[in-house]
Amino acid sequence: MDKSLESKIAHLEMIQGVIGRMATDSQTLKTLTITVTAAIIAIAQTSSGATPKLALLGIVPTFLFWYLNAYYLQVERAYRALYDAVRRDEEIDGFSMEWRPFKKSAGNLMFLAFRPTVWLIYGSAIVLLIVVALVSESESHRDTELNDARVHKQQHEELPCIT
């Protein structure tokens, strides 16, 4: 086998390894988002007190994971463009792993954030957290009203009756 062909194959394998890791990292972020959302919902439903605030606080890491996932998708696509450039024998420095020159072809970060495979996970998590916060808020108001009614009833029962 030709020496240049061997080095081209080695370079392509290196790039493919990075692409695989980026895809794995993206999937890990989605899994982590679902886990954190489920944990926050479970805690919010079993604890008393600042339940709606806790559910709304869960939106912060969800947005962070959403941004990171879009960024990883952008970098992965840039590496795919680098892979194609090496495969087509374009002018690339030997064993270069520089993906930034291919960033433009990878797509806009906001465009990638709203791809169906991305926004459905994160958008669903955010909507779910908002619903939990609203339900928790209405339940806490209802519990407060019931408690107030109980206290009011007890106060009236304790008053002596003057005849």
Side-chain angles (χ1 to χ4, degrees), residues 9-88 90 92-93 95-151:
I9 291 171
H11 192 189
L12 290 171
E13 287 173 351
M14 285 174 42
I15 298 168
Q16 185 60 44
V18 172
I19 293 169
R21 283 192 299 279
M22 298 305 293
T24 300
D25 290 347
S26 179
Q27 186 60 42
T28 301
L29 280 172
K30 290 175 184 170
T31 304
L32 190 57
T33 298
I34 293 169
T35 304
V36 167
T37 302
I40 288 172
I41 290 171
I43 292 168
Q45 292 302 307
T46 58
S47 68
S48 60
T51 313
K53 291 178 184 172
L54 179 64
L56 290 175
L57 187 63
I59 293 174
V60 174
T62 304
F63 272 118
L64 177 66
F65 295 152
W66 192 348
Y67 169 80
L68 284 172
N69 197 349
Y71 177 75
Y72 286 163
L73 183 57
Q74 185 183 46
V75 173
E76 178 186 338
R77 285 178 164 213
Y79 271 108
R80 288 182 188 277
L82 172 62
Y83 183 94
D84 284 341
V86 170
R87 184 183 55 82
R88 289 189 306 261
E90 293 179 12
I92 305 287
D93 292 337
F95 290 94
S96 172
M97 297 298 284
E98 185 56 48
W99 60 272
R100 283 176 190 82
F102 301 94
K103 187 175 178 181
K104 192 172 220 162
S105 66
N108 181 312
L109 197 60
M110 287 302 288
F111 170 76
L112 296 172
F114 287 96
R115 302 273 306 156
T117 58
V118 178
W119 77 263
L120 282 172
I121 296 287
Y122 299 102
S124 299
I126 289 169
V127 167
L128 190 59
L129 288 167
I130 291 171
V131 167
V132 167
L134 293 173
V135 168
S136 298
E137 182 70 25
S138 68
E139 284 178 0
S140 70
H141 281 305
R142 186 193 60 186
D143 290 345
T144 303
E145 289 173 1
L146 288 173
N147 195 26
D148 289 347
R150 240 182 266 125
V151 168

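Rounding to the nearest 0.5 angstrom, the gap separating the OG1 atom in T24 from the CD1 atom in I19 is 12.0 Å. H11 NE2 to S96 OG: the interatomic distance, rounded to the nearest 0.5 Å, is 5.5 Å. A distance of 9.5 Å separates CG of N69 from CE of M22, quoted to the nearest 0.5 Å. Atom CZ of R100 and atom CG of L82 lie 12.0 Å apart (nearest 0.5 Å). Rounding to the nearest 0.5 angstrom, the gap separating the CD1 atom in I126 from the CG atom in L56 is 11.0 Å. Note that CD of Q16 is 6.5 Å distant from CZ of R80, once rounded to the nearest 0.5 Å.
Considering every non-hydrogen atom in both A81 and S105, the closest pair reads CB-OG, 3.5 Å. In this structure, L112 and A70 approach most closely via the heavy-atom pair CD1-O, 4.1 Å. Heavy atoms only, all atoms of each residue included: A113 and V118 are closest at O-CG1, 3.4 Å. G58 approaches I40 most closely through the heavy-atom pair CA-CD1, 3.3 Å. Across all non-hydrogen atoms, the minimal contact from F95 to A10 is CE2-CB, 3.9 Å.
With hydrogens and angles disregarded, a donor-acceptor distance shorter than 3.5 Å links the side chain of Y79 to the backbone of M97. Although no hydrogens or angles enter the test, the distance criterion places a donor-acceptor pair under 3.5 Å between the side chain of K30 and the main chain of T117. Panel note: side chain Q74, backbone N108; no donor-acceptor pair is recorded below 3.5 Å. Remark: the backbone N or O of L29 is paired with a side-chain donor or acceptor of T33 at under 3.5 angstrom.
Ring pair W99/Y83: centre-to-centre distance not below 6.0 Å.
Counting non-hydrogen atoms of neighbouring residues, nucleotides and ligands closer than 6.0 angstrom, the OH atom of Y67 reaches no more than 12 such neighbours.
For the pair T31 and Q27, the minimum side-chain heavy-atom distance is below 4.5 Å. You'll find the side chain of E98 stays beyond 4.5 Å of the side chain of D93, heavy atoms only. Put simply, the side chain of E76 does not reach to within 4.5 Å of the side chain of D25, judged on heavy atoms. The closest side-chain heavy-atom distance from T37 to L129 is below 4.5 Å. Counting only heavy atoms from C-beta outward, the side chains of I121 and F65 never approach each other to under 4.5 Å. W66 places a side-chain heavy atom less than 4.5 Å from the side chain of F114.
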